[in-house]
Asks: 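I'd like to ask you about the structure that follows.
All residue numbers refer to positions in the sequence shown, counting from 1.
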Amino acid sequence: MLRVATTGFPVSCCSIALRDRPVVEALEMIAAAGFAAVELWAGHFQGLPASGLRELSAHGQRLGLQITVLAPYFSFTRGPARAAESLRDAEAVLGAAVVLGVKKIRTFVDCGPDGLASAGASDADWTAAAAGLQELCRLDEAVEFVVETHDNTLADTLPAVRRLLDAVARPNLRLNFQANDDFMKRGFLTCLQEVFPAVSHMHWQQVGVGNKHTYVEDPGAVDFGELVAFLRGKNYAGTASVEYCWPDVPPERIGSASRFLASLFGVSA
């Protein structure tokens, strides 16, 4: 069976692609598709008791799946109450991370389709976001909090990402580099090169017509062959995940993603 994670750095599948499946079934499908690592989406682990988390970890190990990243949702630009709630959520997520043996947490400055874009943010918004992320990073300095470069957040353009990293100035605040509108306009690989020292995780999807995210093997604006060559040339030591965050992802698309990536890395079944 093809194991994508043996290709130089761990490439996982984010379980959000199977959001409507029970977590055990999702893990089994991801392993059967050929992945050896998984990014565990919030809906698949939050709320589980410690015993349930231990069972989940053991089941992943039986399947040969390493859990590399946890993917909860935080917001720090929606006022003090939501920021405080995010920090409480983060404490629970960190507790789960200990049980699951995970040292990387996907992080949002804001989340949801109505998030605050950097172009509309005030100085007070930037101050609040930086303070919230600093407090987040202090919760566990041994964990990397990887901020997703997502549209309608304070990490939605190349200048905004730089400003955010400078404002927070915490060594365990890193980047989850994902295609967004600004990066595609400037050049995906060009932007990656600019912030590469801060990148610890990546979300991989293809970007099609109208900047719509689609499946990695589809034609589109991201040259994954060029991307893999760049990461190999840089001896990239981080992680990456195929992340399909839209509903109704056909299960066969998990397998086709694994095969596509294997072809790029020169791995055979």
Asks: Closer than 4.0 angstrom, basic N to acidic O: yes or no for R186 and E194?
Replies: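 Looking at R186 and E194, the cut-off is not met.
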Asks: Apply the hydrophobic cluster definition, ILVMFWY joined by side-chain contacts under 4.5 Å directly or through others, and give me every member besides Y73.
Replies: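 I16, W41, F108, which link up through side-chain heavy atoms under 4.5 Å apart, make up the rest of the cluster.
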Asks: Measure across C137 and N172 and return the closest heavy-atom pair with its distance rounded to 0.1 Å.
Replies: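 Shortest heavy-atom separation between C137 and N172 comes out as O-ND2, 3.0 Å.
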Asks: The criterion is salt bridge (charged side-chain N to carboxylate O under 4.0 Å, His left out); which residues satisfy it with K234, sequence neighbours excluded?
Replies: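 Checked K234 against salt bridge (charged side-chain N to carboxylate O under 4.0 Å, His left out); zero matches.
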Asks: In this structure, is the centre-to-centre distance between the rings of W246 and Y215 below 6.0 Å?
Replies: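 For Y215 and W246, the ring centres are under 6.0 Å apart.
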Asks: Do you know which two heavy atoms are closest between K104 and S200, and how far apart they sit?
Replies: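 Residues K104 and S200, closest heavy atoms: NZ-O, 2.9 Å.
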Asks: With distance as the sole test, does T153 use its side chain to make a donor-acceptor pair with the main-chain N or O of A155 at under 3.5 Å?
Replies: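 Yes, because the side chain of T153 sits within donor-acceptor range (under 3.5 Å) of the backbone of A155.
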Asks: Assess the residue pair F183 and T190 against the criterion (side chain to side chain contact (heavy atoms under 4.5 Å, CB included)); give the C-alpha distance rounded to whole Å, side-chain angles, the decisive distance to 0.1 Å, and a yes or no.
Replies: CA-CA 8 Å; F183 291 173; T190 297; over 6 Å; no
Asks: With no hydrogens and no angle check, do the side chains of H59 and E28 hold a donor and an acceptor under 3.5 Å apart?
Replies: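 Side-chain D/A pair, H59 to E28: present.
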Asks: List for me each residue that meets salt bridge (charged side-chain N to carboxylate O under 4.0 Å, His left out) alongside R62, sequence neighbours excluded, and say none if there are none.
Replies: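 None.
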Asks: Less than 4.5 Å apart, any side-chain heavy atom of V23 and any of S15?
Replies: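 Answer no - side chains too far apart.
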Asks: Go through it in stages, so that I can follow the logic: the residues are F45 and L70, the test is side chain to side chain contact (heavy atoms under 4.5 Å, CB included), and I'd like the CA-CA distance, side-chain angles, deciding distance and then a yes or no.
Replies: CA-CA 9 Å; F45 74 89; L70 299 183; 3.9 Å; yes
Asks: Are W204 and V222 linked, directly or through other ILVMFWY residues, by side chains that come within less than 4.5 angstrom of each other?
Replies: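 They do share one cluster, since a chain of ILVMFWY contacts under 4.5 Å joins W204 to V222.
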Asks: Taking only residues two or more places apart in sequence or in another chain, which ones pass side-chain hydrogen bond (donor to acceptor under 3.5 Å, both in side chains) with S86?
Replies: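 Result, side-chain hydrogen bond (donor to acceptor under 3.5 Å, both in side chains) vs S86: R82.
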Asks: Quick one: name the residues clustered hydrophobically with V98, using the 4.5 Å side-chain heavy-atom rule over I, L, V, M, F, W, Y, and just say none if it's on its own.
Replies: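 Besides V98, the cluster holds no residue at all.
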Asks: So do V228 and R232 actually touch side chain to side chain, heavy atoms under 4.5 Å?
Replies: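 They are in contact (side-chain heavy atoms under 4.5 Å apart), so the answer is yes.
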Asks: Thinking salt bridges, do K185 and D181 make one under a 4.0 Å N-O criterion?
Replies: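 Salt bridge between K185 and D181, a charged N being under 4.0 Å from a carboxylate O: yes.
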Asks: Is any side-chain heavy atom of L175 closer than 4.5 Å to a side-chain heavy atom of V146?
Replies: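 No, every pair of side-chain atoms sits at 4.5 Å or beyond.
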Asks: Identify the heavy atoms of A121 and L154 that sit nearest to each other, and give their distance.
Replies: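 Scanning both residues, the minimum pair turns out to be CB-CD2, 3.5 Å.
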Asks: Looking only at atom types and distance, does a side-chain atom of R54 sit under 3.5 Å from a main-chain N or O of P49, one as donor and one as acceptor?
Replies: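 No.
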Asks: Mind checking the CG-CG spacing from D248 to D20? Nearest 0.5 Å is all I need.
Replies: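 Spacing of CG (D248) from CG (D20) equals 7.0 Å.
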Asks: As an exercise, state the distance from CG of L56 to CG of L100, rounded to the nearest 0.5 Å.
Replies: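 Between L56 CG and L100 CG, I get 6.0 Å after rounding to 0.5 Å.
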Asks: Going by the rule ring pair (Phe, Tyr, Trp, His ring centres under 6.0 Å), which residues pair with F188 if we only count those two or more places apart in sequence or in a different chain?
Replies: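 Testing F188 for ring pair (Phe, Tyr, Trp, His ring centres under 6.0 Å), a comparison that skips the adjacent residues, returns F177.
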Asks: Taking the side chain as every heavy atom from C-beta outward, state whether V195 and L158 have any atom pair closer than 4.5 Å.
Replies: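 Counting from C-beta outward, V195 and L158 do come under 4.5 Å.
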Asks: Would you name the heavy atoms of W126 and A160 that are closest together and state the gap between them?
Replies: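 Between these two residues, the closest heavy atoms are CH2-O, 3.6 Å.
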Asks: Would you indicate whether the side-chain heavy atoms of F230 and Y236 approach each other to under 4.5 Å?
Replies: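 Sidechains of F230 and Y236: no contact.
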Asks: List for me each residue that meets salt bridge (charged side-chain N to carboxylate O under 4.0 Å, His left out) alongside D156, sequence neighbours excluded, and say none if there are none.
Replies: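 For D156 there are no salt bridge (charged side-chain N to carboxylate O under 4.0 Å, His left out) partners, ignoring immediate neighbours.
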Asks: To the nearest 0.5 Å, what is the distance between CG (D182) and OG1 (T149)?
Replies: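 One finds 10.0 Å between CG of D182 and OG1 of T149.
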Asks: For the SG atom of C245 and the CD atom of Q205, what is their distance to the nearest 0.5 Å?
Replies: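 Answer for the SG-CD pair, C245 versus Q205, is 6.0 Å.
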Asks: So if I apply the salt bridge (charged side-chain N to carboxylate O under 4.0 Å, His left out) rule between E144 and each of R106, R174, K103, which one comes out positive?
Replies: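 It is R174; the other options fail the test.
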Asks: Under the side chain to side chain contact (heavy atoms under 4.5 Å, CB included) criterion, do Q206 and H213 qualify, and how do the steps go?
Replies: CA-CA 6 Å; Q206 184 54 272; H213 286 183; over 6 Å; no
Asks: In Å, rounded to the nearest 0.5 Å, how long is the span from CG of L136 to CD of E91?
Replies: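 Spacing of CG (L136) from CD (E91) equals 10.0 Å.
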Asks: Would you tabulate the side-chain donor-acceptor contacts of residues 33-40 under 3.5 Å, counting partners in other chains and residues two or more places apart, or write 'none'?
Replies:
unit_1, atom_1, unit_2, atom_2, d
E39, OE1, H201, NE2, 2.9
E39, OE1, H203, NE2, 3.0
E39, OE1, S241, OG, 2.8
E39, OE2, H203, NE2, 3.0

Asks: Is the closest side-chain heavy-atom distance between L164 and L133 below 4.5 Å?
Replies: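 A side-chain contact under 4.5 Å exists here.
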Asks: D151: which residues meet the side-chain hydrogen bond (donor to acceptor under 3.5 Å, both in side chains) condition with it, sequence neighbours left out?
Replies: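 None.
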Asks: In the single-linkage hydrophobic clustering (I, L, V, M, F, W, Y; side-chain heavy atoms under 4.5 Å), do L94 and V69 co-cluster?
Replies: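 In one cluster with L94: V69, no.
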Asks: Nearest heavy-atom pair of A17 and V249: which atoms, and what distance?
Replies: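 Of all heavy-atom pairs spanning A17 and V249, the closest is O-CB, 3.5 Å.
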Asks: Who are the side-chain hydrogen bond (donor to acceptor under 3.5 Å, both in side chains) partners of Q193, not counting sequence neighbours?
Replies: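 For Q193, no residue satisfies side-chain hydrogen bond (donor to acceptor under 3.5 Å, both in side chains) once neighbours in sequence are set aside.
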Asks: If you compare all heavy atoms of G208 against all heavy atoms of T214, which two are closest, and at what distance to 0.1 Å?
Replies: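 For G208 and T214, the tightest heavy-atom pair comes out as N-CG2, 4.3 Å.
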Asks: Do the side chains of R21 and P251 get nearer than 4.5 Å, heavy atoms only?
Replies: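 In short, these two side chains touch, coming nearer than 4.5 Å.
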Asks: Go through the steps for S57 and V99 under the test side chain to side chain contact (heavy atoms under 4.5 Å, CB included), then give the verdict.
Replies: CA-CA 8 Å; S57 177; V99 177; 5.5 Å; no
Asks: Is it true that E135 and R138 make a salt bridge, defined as a side-chain N closer than 4.0 Å to a carboxylate O?
Replies: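 The answer is yes: the pair qualifies as a salt bridge.
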Asks: Could you list the residues that satisfy side-chain hydrogen bond (donor to acceptor under 3.5 Å, both in side chains) with D125, not counting sequence neighbours?
Replies: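 D125 satisfies side-chain hydrogen bond (donor to acceptor under 3.5 Å, both in side chains) with S122 once adjacent residues are dropped.
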Asks: Would you check if L189 and F196 make a side-chain contact, meaning some heavy-atom pair closer than 4.5 Å?
Replies: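 A side-chain contact under 4.5 Å is absent here.
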Asks: Mind checking the CE-CD spacing from M29 to E252? Nearest 0.5 Å is all I need.
Replies: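 It is 9.0 Å, given to the nearest 0.5 Å.
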Asks: For R253, what residues pass the salt bridge (charged side-chain N to carboxylate O under 4.0 Å, His left out) criterion, not counting sequence neighbours?
Replies: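 R253 satisfies salt bridge (charged side-chain N to carboxylate O under 4.0 Å, His left out) with E217, D218 only.
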